[in-house]
Protein chains: 2
Amino acid sequence: MTLNYTKPIEQAITSSDKTLLSIRYAIVEGDIASGSKLSETELSTKYGVSRAVIRESINRLETCHLVERKANVGARVVSLTPDGLIELYQIRESLEGMAARLAAKNMTSEEIAELNQLLETHAEKVKQEGSYYQEAGDVDFHYRIILGCKNKQLISLLVDGIYHLVRMYRVQLGMSGPRITTAFDEHKSIVRAIENKDEELAEMLMRRHITYSKNNIANKLA
Amino acid sequence: MTLNYTKPIEQAITSSDKTLLSIRYAIVEGDIASGSKLSETELSTKYGVSRAVIRESINRLETCHLVERKANVGARVVSLTPDGLIELYQIRESLEGMAARLAAKNMTSEEIAELNQLLETHAEKVKQEGSYYQEAGDVDFHYRIILGCKNKQLISLLVDGIYHLVRMYRVQLGMSGPRITTAFDEHKSIVRAIENKDEELAEMLMRRHITYSKNNIANKLA
DNA sequence: TTAATTAATGTTGTCGACAATTTAGGCCTA
DNA sequence: TAGGCCTAAATTGTCGACAACATTAATTAA
């Protein structure tokens with residue numbers, strides 16, 4: 001369930017990093033309520049580290065737009081609103097559309113093959129369980145296309161930044177629903193566009209796909 | 001020259017904030033060379049503050065992709081490369097394209113009037129001086145459209161994040177050149193699309209505009 | 001009673017010192 | 001001389017304490 005979408009193996013993990021991961025997970029999962037205040041001293045005792053590392057964690061969380069800080073006042077977990085969701089999905093549409101375009105241009109044939117393989121796995125799961133697909137499966141699909149764009153800054157923007165907030169909305173609004181098979185077909189056509197190196201189409205289909213997804217979620221809020 | 005594109009008047013300015021602004025300015029202007037190492041102790045003495053505030057500043061600079069940090073090793077100013085420039089402009093194209101689309105949808109008639117006024121001012125300047133336009137003028141134009149999109153997260157992403165890096169490339173590669181009047185015409189047609197509330201066209205024209213700009217710069221590197 | 005001012009409390013911002021890790025240099029060995 | 005190992009210096013990571021600020025409670029005046 002917990003797919004680890006952090007940076008590659010790389011270097012030493014500092015205490016700050018671990019704390020960041022813990023707090024971020026707690027926020028995304030809703031263990032720390034959205035809109036609630038983040039007390040530095042409280043978190044400090046809770047996670048058994050000094051205020052300095054809590055401070056650093058909060059700073060980094062601000063980067064992902066998961067918390068908001070005011071000078072001399074403190075940090076609050078971002079609150080989930082319909083408007084915020086729409087804003088977020090407009091950004092996703094824009095950025096992931098570009099990612100799909102670049103993926104069509106830059107993905108290797110091996111990567112495309114793996115993508116097809118992933119789709120088949122999903123097709124199986126849809127037939128059997130039906131429900132598992134949405135959460136991990138959809139994230140995984142989008143994640144691979146993002147990586148396929150080969151634009152490091154864009155990848156960082158999406159993976160380190162926006163995606164955590166996307167997951168937060170998903171988890172806390174309890175996504176799932178009847179879009180399962182529909183989304184699957186959309187995924188399939190996106191991959192086909194990438195196979196054909198049709199940048200224009202890949203971008204357009206990805207944008208449509210995300211728009212549909214947005215509407216689906218927005219309906220649940222209304 | 002120094003247009004202050006920081007957040008609205010708002011709240012108290014802490015020592016960390018001031019230091020952040022100073023260091024960021026130094027990096028964008030090239031006073032701190034791109035690719036060079038950022039020593040915490042050194043900066044600490046240079047700016048007359050403790051290492052804690054330097055640390056916080058560096059953290060925030062990482063958000064704008066202006067510096068890169070490695071655990072237990074330190075931070076370096078990002079190095080300017082042709083690949084990096086292309087990556088950056090792909091993101092700009094995507095995000096500012098969306099901003100233009102949303103601006104066509106959401107800008108008030110007063111804002112559009114101001115935008116037209118700005119264009120006239122630029123037209124005058126182009127006739128007279130010719131050269132001043134590019135730097136401040138172009139930035140100002142794009143800035144207004146970004147604000148006009150009314151998507152707070154998108155605005156933050158562009159203004160607090162990406163735009164500093166854009167300016168850094170501009171300054172240090174010595175932009176200017178013969179695109180002045182061409183860019184002006186492009187600006188004009190973008191505004192016209194926004195006036196007509198033609199979202200599709202506004203986005204497309206903005207994307208083209210940025211692509212041209214990218215090619216212009218890329219040629220200078222090649 | 002209400003409003004404003006002031007005192008008290010708690011939180012964030014900043015600092016200097018210590019611990020852990022990396023990096024540089026010298027030393028020894030083959 | 002080249003290469004690896006070990007020691008020493010420097011840098012980053014973490015900590016606890018103090019200062020500055022914001023919030024709340026108490027007090028006083030109208």
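In what follows, every chain begins at residue 1, and chains take the letters A, B, ... in the order their sequences are listed.
Comparing D/dC15, C/dT11, C/dC15 against the side chain of A/Lys37 picks out C/dT11 as the nearest. Taking the side chain of B/Ser39 as heavy atoms from C-beta on, and the options C/dT12, D/dT12, C/dT14, the nearest nucleotide is D/dT12. Distance from the side chain of A/Arg51 is smallest for D/dA17 among the nucleotides D/dA17, D/dT14, C/dT21. In this structure, of C/dC15, D/dT14, D/dT11, it is C/dC15 that holds the atom nearest to the side chain of B/Val49. Among the nucleotides D/dC15, C/dC15, C/dT22, the one closest to any side-chain atom of B/Asn72 is C/dT22. Comparing D/dT11, C/dT12, D/dT14 against the side chain of A/Thr14 picks out D/dT14 as the nearest. For B/Ser50, counting side-chain heavy atoms from C-beta on, the closest listed nucleotide (C/dT14, C/dT12, D/dT14) is C/dT14.
The CD atom of A/Glu62 sits 14 Å away from the P atom of C/dT12 (whole-angstrom rounding). Distance, A/Lys18 NZ to D/dT14 C1': 13 Å, rounded to whole Å. As rounded to whole Å, 13 Å separates atom C1' of D/dC21 from atom CD of A/Glu40. Look at CG on A/Leu43: it is 16 Å from P on D/dT14, rounded to the nearest Å. In this structure, the NZ atom of B/Lys70 is 12 Å from the C1' atom of C/dT22, given to the nearest Å. Residue A/Arg69 contributes atom CZ, which lies 16 Å from atom P of D/dC21 at whole-angstrom precision. Nucleotide D/dT11 holds its C1' atom 12 Å from the CD1 atom of B/Ile58, rounded to whole Å. Atom CD1 in B/Ile13 sits about 12 Å away from atom P in C/dT14, given to the nearest Å.
The residue A/Ile54 sits apart from the nucleic acid: no heavy atom pair falls under 4.0 Å. At the heavy-atom level, B/Leu38 lies under 4.0 Å from the strands shown only through sugar-phosphate atoms.
Between B/His187 and B/Phe141, the ring planes are parallel. Angles under 30° get that label, and only those over 60° would be called perpendicular.
Here A/Leu147 contributes atom CG and A/Leu115 contributes atom CG; the two are 11.0 Å apart, rounded to the nearest 0.5 Å.
Comparing A/Val73 and B/Val53 along DNA chain C, the residue whose closest nucleotide (by nearest heavy atom) sits nearer the 5' end is A/Val73.
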List the steps, then state whether side chain to side chain donor-acceptor pair (under 3.5 Å) holds for A/Ser39 with A/Thr41. CA-CA 6 Å; A/Ser39 162; A/Thr41 54; 3.2 Å; yes
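Salt bridge B/Glu68/B/Arg76: absent, no basic N to carboxylate O contact under 4.0 Å. The pair B/Glu199-B/Lys105 fails the salt-bridge criterion, with no side-chain N (NZ, NE, NH1 or NH2) lying under 4.0 Å from an Asp/Glu carboxylate O.
A sub-4.0 Å separation between OP1 or OP2 of D/dA10 and a side-chain N or O of B/Thr41 is absent.
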